Q: 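Encoded as structure tokens, here's the structure I'll be asking about.
Nothing fancy with the numbering, it's 1 onward along the sequence. One-based numbering, in listed order, for ligands and for the atoms of each. Everything quoted here is computed from the prediction, not taken from an experiment. Worth knowing before you read on, the calculation uses all heavy atoms, side chains too, and leaves out hydrogens, waters and symmetry mates.
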Amino acid sequence: MERLHEKPRRHIVLIGLMGCGKSTVGKALGKLTGLPLLDTDAVIEEQVGMSIPEIFRKYGEKRFRSLETALLRYLLEHQAPESCIIATGGGIVVRPANRPLLRRLGFTVWLHAEVPVLLQRTAHTANRPLLQDTDRERRINELSSQRAPFYAETAHWTLEVGHSEVFEIAQRILERAADFSEHGKNAFCGGV
Ligand code: S3P
């Protein structure tokens, strides 16, 4: 029996493909709310003492996914006193176990962007191992169709980000988060 499901939902969790704007929107949400931003990739890099590409090279993607799962479990078990904004790595939904964990953490928003937008935003990426030495367009198309059902299953709400301005996106998320908090009767968004 999963003990973790008893925990209240408190955070705002951003999911979506590489380049959809999770980190940028996360920062904007942090500025608007004063809540801290937790970036799962950054936490893992710090824990392991290596960059994401180094972790992939040395330990492989499977191990990286296990680190993501361990981090989600840790966040659920060791609730910080206040809510935070959680920006996740694009592939965090690939592990089936992670999807309910993400939903339990809080209001989970899929930042959905079309492939051309993602292509444009990942054009100069050097720290994303899954996009190195490959046909980026084909890869993003593949990832987009493979992962869309996982994002849909995980998200409480989907927002089409397109080329919208980042603070506008953040504002829309906060409006929906407030509704979610009210109707879901959960503890998060105290300061939002
Ligand atoms: C990944 C996305 C990356 C990072 C890693 C794997 C993925 O995060 O976690 O390179 O599988 O889509 P961003 O979505 O922040 O680029």
Q: Going by atom types alone, do Thr122 and Arg128 pair a side-chain donor with an acceptor below 3.5 Å?
A: no
Q: Mind running salt bridge (Lys or Arg N to Asp or Glu O under 4.0 Å) on Arg172 and Glu168 for me, showing each step along the way?
A: CA-CA 6 Å; Arg172 292 193 61 195; Glu168 191 189 311; 5.8 Å; no
Q: So which residues, sorted by chain and number, lie with a heavy atom under 4.0 Å of ligand 1?
A: Met18, Lys22, Asp41, Ile52, Phe56, Phe64, Arg65, Gly89, Gly90, Gly91, Arg128, Pro129, Leu130, Arg147
Q: Residues in salt bridge (Lys or Arg N to Asp or Glu O under 4.0 Å) with Arg99, at least two apart?
A: Glu153
Q: Passes salt bridge (Lys or Arg N to Asp or Glu O under 4.0 Å), Arg65 versus Glu61? Steps please.
A: CA-CA 6 Å; Arg65 300 288 168 220; Glu61 182 176 348; 2.9 Å; yes
Q: Might you confirm whether atom CD of Glu165 has over 12 heavy atoms from other residues, nucleotides or ligands at distances under 6.0 Å?
A: yes
Q: Does His11 use its side chain to pair, donor to acceptor, with the backbone of Cys84 at less than 3.5 Å?
A: yes
